[in-house]
Engineer: 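This is the structure I want to talk about, given as structure tokens.
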There are 2 protein chains.
Amino acid sequence: MNNFGYVLDMKNYSIQRESILKTVQGTHSHPTAEWVFSKVKKTLPNVSLGTVYRNLGLLADNGKIQAIHFDGVIHYDGTMENHQHFYCIECKTIIDIHIPNKSFVSEVEQKTNHIIANSHVHMNGICKSCKSK
Amino acid sequence: MNNFGYVLDMKNYSIQRESILKTVQGTHSHPTAEWVFSKVKKTLPNVSLGTVYRNLGLLADNGKIQAIHFDGVIHYDGTMENHQHFYCIECKTIIDIHIPNKSFVSEVEQKTNHIIANSHVHMNGICKSCKSK
DNA sequence: TCATATTTAGGAATGATTCCTATTTTTATT
DNA sequence: AATAAAAATAGGAATCATTCCTAAATATGA
Ligand SMILES: [Mn+2]
Ligand SMILES: [Mn+2]
Ligand SMILES: [Zn+2]
Ligand SMILES: [Zn+2]
């Protein structure tokens, strides 16, 4: 992702970067770059989409937010806590699941001898509320 | 995915569809449409990329193969058996993991009351052989 | 202050995928 | 076999999320 000719320390946040980070952290909706862009534009009307993309990428690279690929588009997640995602094919919502599966990961690590840096569980189906209709 | 004005039954396979299916089933490399295209072209030089995309989508919709989004591009998997994927960030290989995690899925189903149709586990890290270097 | 480093806005380029359509191939019917 | 209807294809254009480019703006620090 980082494709510049110099080192980025991410210590000094521009107002754009600050606003982008706060926007992602301020929602549980797993927004796309476009959504963040439209939000940030309300306080920084001149912000550019390129800046949003660049900073979302940088923030993810530096462990401030998570990037999650969903059906080919990148969604961002303000919480770094490890959790899973359920996608309702009915109401098209991404729902957080907070059930630890550490034991599965360590089982895989032990049985395969690979080093697992991180893991994601994606589940698809019909959510509770859509089911009861 | 199916966006035509008539019914597709998938009963009668064209030589293109047959070749595309066999190509995906004949590898464990989780190929992309482009890769399948280059393979199929060797026996069917006039096959078009659009046909490959269309049939891969149809085959996946009809449960013949799996479609897996990886870093924003679609990879196909010839085995329908439920399994997980490990991606080595070093050698950039997708490795199959065959360790059941049904208990986790049913735990989620029970605790959340969502209906889980299918689930995927993506793991990232350093594979066994890259580790020992 | 002056030079250097970093970031931005804006827009062009990219690339994977989907869409369009005329033509070809298959299937069903007489 | 001839005809008509249905399905699939080749080829290329369009889409769209993302990345890349660059000149201008802003920040840093000696
Ligand atoms: Mn989440
Ligand atoms: Mn696989
Ligand atoms: Zn729902
Ligand atoms: Zn490796």
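Just so it is clear: chains get the letters A, B, ... in the order the sequence lines come, proteins before strands, and each one is counted from 1.
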Engineer: Looking at B/S14, I'd like to know whether one of its side-chain N or O atoms comes within less than 4.0 Å of OP1 or OP2 on C/dT26.
Structural biologist: no
Engineer: Under 4.0 Å: is that the gap between some side-chain N or O of B/R17 and OP1 or OP2 of D/dA8?
Structural biologist: yes
Engineer: Take atom CG of B/L44 and atom P of C/dT25, then tell me their distance rounded to the nearest Å.
Structural biologist: 13 Å
Engineer: Quickly work out the B/E18 CD to D/dT9 P distance and round it to whole Å.
Structural biologist: 12 Å
Engineer: For the residue pair A/S14 / A/R17, report whether a side-chain donor-acceptor contact shorter than 3.5 Å exists.
Structural biologist: no
Engineer: If you define the side chain from C-beta out and look only at heavy atoms, does anything of A/Y87 sit under 4.5 Å from B/H114?
Structural biologist: no
Engineer: Just distance, no hydrogens or angles: give the donor-acceptor pairs under 3.5 Å from side chains in residues 116-129 of chain A, sequence neighbours left out.
Structural biologist:
unit_1, atom_1, unit_2, atom_2, d
A/N118, OD1, B/N124, ND2, 2.9
A/H120, NE2, A/Q66, OE1, 3.4
A/N124, ND2, B/N118, OD1, 2.9

Engineer: With a 3.5 Å cut-off and no angle check, do the side chains of A/D77 and A/H83 form a donor-acceptor pair?
Structural biologist: yes
Engineer: If only side-chain N and O atoms of A/Q16 are considered, is one of them under 4.0 Å from the OP1 or OP2 phosphate oxygen of C/dA9?
Structural biologist: yes
Engineer: Nearest of C/dT8, D/dT9, C/dT18 to any side-chain atom of B/Y53?
Structural biologist: C/dT18
Engineer: I'd like to know if the side chain of A/H30 pairs up with that of A/D96 as donor and acceptor (distance under 3.5 Å, no hydrogens or angles considered).
Structural biologist: yes
Engineer: So, A/H85 versus A/H75: side-chain donor-acceptor pair below 3.5 Å or not?
Structural biologist: no
Engineer: Can you measure A/F37 atom CZ to D/dC16 atom P for me and round it to whole angstrom units?
Structural biologist: 17 Å
Engineer: Which of residues 68-77 of chain A sit near DNA chain D, with a heavy atom under 4.0 Å from it?
Structural biologist: A/V73, A/I74
Engineer: Using whole Å, report how far NZ of A/K41 lies from C1' of C/dT8.
Structural biologist: 16 Å
Engineer: Ignoring backbone atoms, establish whether B/T51 has a side-chain N or O less than 4.0 Å from OP1 or OP2 of D/dA10.
Structural biologist: yes
Engineer: Whether B/R54 contacts D/dT9 is assessed here as follows: a side-chain N or O lying under 4.0 Å from the phosphate OP1 or OP2. Is that the case?
Structural biologist: yes
Engineer: Linking I/L/V/M/F/W/Y whenever their side-chain heavy atoms sit closer than 4.5 Å, directly or via other members, would A/I74 and B/I68 fall into one cluster?
Structural biologist: no
Engineer: For the pair made of CG in B/N55 and C1' in D/dT9, what is the distance, rounded to whole Å?
Structural biologist: 9 Å
Engineer: Rounding to an integer number of Å, can you tell me how far A/I15 CD1 sits from C/dT8 P?
Structural biologist: 9 Å
Engineer: When the distance from CG of B/L49 to C1' of D/dG12 is rounded to whole Å, what number comes out?
Structural biologist: 11 Å
Engineer: Within this structure, what is the CG-to-P distance between B/L56 and D/dA8, rounded to whole angstrom?
Structural biologist: 15 Å
